[in-house]
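For the numbers below, each heavy atom of this structure counts, side chains included, while hydrogens, waters and symmetry mates do not. A, B, ... follow the sequence lines: proteins, then strands. Residue 1 opens every chain.
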2 protein chains.
Amino acid sequence: MLSSQDVLFKALADPTRRAIFERLCRNGDQTVAALTVHAGVSQPAVSKHLGVLKQAGLVRDRHEGRQTHYCAQPRALAPLISWTSQMAGFWQSRFDDLEDLLKRMDQ
Amino acid sequence: MLSSQDVLFKALADPTRRAIFERLCRNGDQTVAALTVHAGVSQPAVSKHLGVLKQAGLVRDRHEGRQTHYCAQPRALAPLISWTSQMAGFWQSRFDDLEDLLKRMDQ
DNA sequence: CTCACTCATAACCCCCCGGTTATCGGTTAG
DNA sequence: CTAACCGATAACCGGGGGGTTATGAGTGAG
């Protein structure tokens with residue numbers, strides 16, 4: 001079983017891929033050619049990265065004639081945010097428990 | 001140059017490593033042996049993972065006799081949270097711009 | 001002092017992943 | 001219709017990363 005966090009973290013672990021996603025978030029709709037210009041890698045590489053991002057639900061594609069436009073789906077970041085806040089939450093709650101314990105000891 | 005997000009995403013991209021970090025967040029201080037029991041991999045593998053997490057600032061180690069205790073540092077997740085909210089923010093601002101444009105067109 | 005225990009490091013292996021070039025299917029321009 | 005363009009797929013390659021076993025450094029127990 002591979003969790004949704006796993007897919008997201010793996011998809012965003014690569015710098016090139018993260019840069020592509022970032023660009024789509026900043027500047028909105030982009031064709032593959034436009035993304036390739038700034039990616040620093042070949043067009044097939046960009047296509048592969050877009051495939052991974054699409055599998056992770058981070059982008060959507062739209063065909064328009066012979067071009068393919070991609071756009072970001074930041075909503076897909078939700079599980080990631082959820083996980084991080086959960087981690088921070090666990091830590092906080094353990095801290096609260098300790099504080100609680102200290103208070104009870106104080107009485 | 002490798003950004004702090006890069007280190008964090010790469011560190012958390014591996015399921016075994018994420019599980020170790022998660023356990024440290026949930027249950028607090030753990031020795032290497034204790035972590036190894038639940039990790040599903042050998043002790044040297046666990047040590048390597050802990051090394052990566054430590055490099056990323058996600059854990060701290062404390063030597064106590066011949067044992068080494070590790071504890072989570074969820075504060076290190078900050079850049080990750082920052083990045084994700086930034087991505088969502090860009091999207092939101094572009095949305096706001098569009099709304100703004102529509103309002104101006106409406107006049 | 002010696003032996004057992006805990007963890008880190010070394011040395012090695014294999015597979016996955018990110019890159020490349022070559023090519024193909026689909027689409028539009030001329 | 002033909003030729004050029006756009007993007008995805010195929011086939012291949014090299015490096016890195018996660019796994020293992022073996023061993024070493026440091027500490028505590030007896």
**Atom-to-atom span, NE2 of H63(A) to C1' of dG26(C) - whole angstrom** = 11 Å
**Message:** With a sphere of 6.0 Å drawn around CD of Q55(B), does it hold more than 12 non-hydrogen atoms of other residues, nucleotides or ligands?
**Reply:** no
**Request:** For R66(A) and dT27(C), give me the distance from atom CZ to atom P, rounded to whole Å.
**Result:** 11 Å
**Request:** Please answer whether the main-chain N or O of A78(B) pairs with a side-chain N or O of S82(B) as donor and acceptor at a distance below 3.5 Å.
**Result:** no
**Complete:** D14(B) CG to dC17(C) C1', in whole Å, measures 14 Å
**Bend angle of the helix from dC1(C)-dG30(D) to dG30(C)-dC1(D), end axes from five pairs each (to 10°)** = 20°
**Request:** Could you tell me whether a side-chain N or O of R26(B) sits under 3.5 Å from a main-chain N or O of M87(A), the two making a donor and an acceptor?
**Result:** no
**Asked** Roughly how many Å is it from CG in L53(B) to C1' in dC7(C), rounded to a whole number?
**Response** 16 Å
**Electrostatic pair D6(B):R18(A) at N-O distance under 4.0 angstrom** = yes
**Closest non-hydrogen atom pair, S47(B) against V32(B)** = OG-CG1, 4.2 Å
**Asked** Run the side-chain contact (heavy atoms from CB on, under 4.5 Å) check on R17(B) and L12(B) step by step: do they pass?
**Response** CA-CA 6 Å; R17(B) 214 146 49 211; L12(B) 295 172; over 6 Å; no
**Request:** Walk along DNA chain D from 5' to 3' and tell me the first and last nucleotide with an atom closer than 4.0 Å to a non-hydrogen atom of chain B.
**Result:** dG18(D) to dG28(D)
**Request:** Let me know which of I20(A), T36(A), T16(A) forms a side-chain contact (heavy atoms from CB on, under 4.5 Å) with V41(A).
**Result:** T16(A)
**Request:** Could you label the plane-to-plane angle of the F21(B) and W83(A) rings as parallel, tilted or perpendicular, counting under 30° as parallel and over 60° as perpendicular?
**Result:** tilted
**Request:** Measure from the side-chain N and O atoms of K10(A) to the backbone N and O of A13(B), and report whether any donor-acceptor pair falls under 3.5 Å.
**Result:** yes
**Request:** Could you check how far CZ of R17(A) sits from C1' of dC16(C), rounded to whole Å?
**Result:** 12 Å
**Item:** Positions of residues 35-52 of chain A (non-hydrogen atom under 4.0 Å from DNA chain C), listed by number
**Value:** V41(A), S42(A), P44(A), A45(A), K48(A), H49(A)
**Asked** Looking only at heavy atoms, what is the nearest atom pair of L8(B) and A76(B), with distance?
**Response** CD1-O, 3.3 Å
**Prompt:** Taking all non-hydrogen atoms of both residues, which atom of L80(A) and which atom of F9(B) are closest, and how far apart?
**Reply:** CD1-CE2, 4.0 Å
**Item:** Between P of dT9(C) and CG of D61(B), the distance in whole Å
**Value:** 10 Å
**Item:** Side-chain N or O of Y70(B) closer than 4.0 Å to phosphate OP1/OP2 of dA8(C)
**Value:** yes
